[in-house]
Amino acid sequence: MTDVRDATDTAVVTPLSDLDEAAVELLRESLAEAVRDHRHVIVDLHAAPTIDSAGLSMLVRAYNDAKSHGGTLMLAAPSRYVVTVLHTMKLHQVFPMYPDVEAALTA
């Protein structure tokens, strides 16, 4: 399940579970639509404590799609586990990360 908020040219997509293969199936279309319809997308990860390879792949794809359209994809409120996985995969240098959605919105 996901929650999508829309504010001008920024969309906030909030996965409501771990970013695993099952969640990716539910989230992929919402995230693709947000990237397609907005210049900036924030993925609010406060309710997604873990991530697997399917979740990473989805985020990288969305990031690349946003970038190819001149936009940005940012991560807000990633858990310590998610940050560790991103560091391990050297993706912490790719994704702008913020402590919460408000910080991402003001960036």
With sequence neighbours left out, the residues meeting salt bridge (charged side-chain N to carboxylate O under 4.0 Å, His left out) with Arg61 are none
Decide yes or no for [X] and [Y]: does some side-chain heavy atom of the first lie under 4.5 Å from some side-chain heavy atom of the second?
X      : Y      : answer
Asp100 : His46  : no
Thr14  : Val101 : no
Ile51  : Leu45  : no

Determine the minimum heavy-atom distance between [X] and [Y], stating which atoms define it.
X      : Y     : answer
Ala104 : Met74 : O-SD, 4.0 Å
Pro96  : Leu73 : CD-O, 3.5 Å
Val82  : Pro78 : CG1-CB, 4.0 Å
Ser79  : Pro49 : OG-O, 2.7 Å
Phe95  : Val60 : CZ-N, 3.9 Å
Ala54  : Glu21 : CB-CA, 3.9 Å

Using modelled atom types only, decide if a donor and an acceptor are shared between the side chain of Asp18 and the backbone of Thr50 within a distance under 3.5 Å.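 It does hold such a pair.
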Return yes if some donor-acceptor pair links the side-chain N/O of Thr88 with the main-chain N/O of Thr84 below 3.5 Å, else return no.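 Looks like yes, one N/O pair under 3.5 Å.
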Look at the rings of His87 and His92 and say which category their plane angle falls in: under 30° parallel, 30 to 60° tilted, over 60° perpendicular. parallel
In Å and rounded to the nearest 0.5 Å, what is the CD to NE2 distance from Glu33 to His38?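 It is 8.5 Å, given to the nearest 0.5 Å.
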Roughly how far, to the nearest 0.5 Å, is CG of Leu27 from CE of Met58?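 If we round to the nearest 0.5 Å, Met58:CE and Leu27:CG are 4.0 Å apart.
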Val41 and side chain to side chain contact (heavy atoms under 4.5 Å, CB included): which partner among Leu31, Thr10, Thr72, Val12?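 The single option meeting the side chain to side chain contact (heavy atoms under 4.5 Å, CB included) with Val41 is Leu31.
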Do Leu59 and Leu19 pass the side chain to side chain contact (heavy atoms under 4.5 Å, CB included) test, and can you show the C-alpha distance, the side-chain angles, and the key distance before you say yes or no? CA-CA 10 Å; Leu59 289 178; Leu19 287 180; 4.2 Å; yes
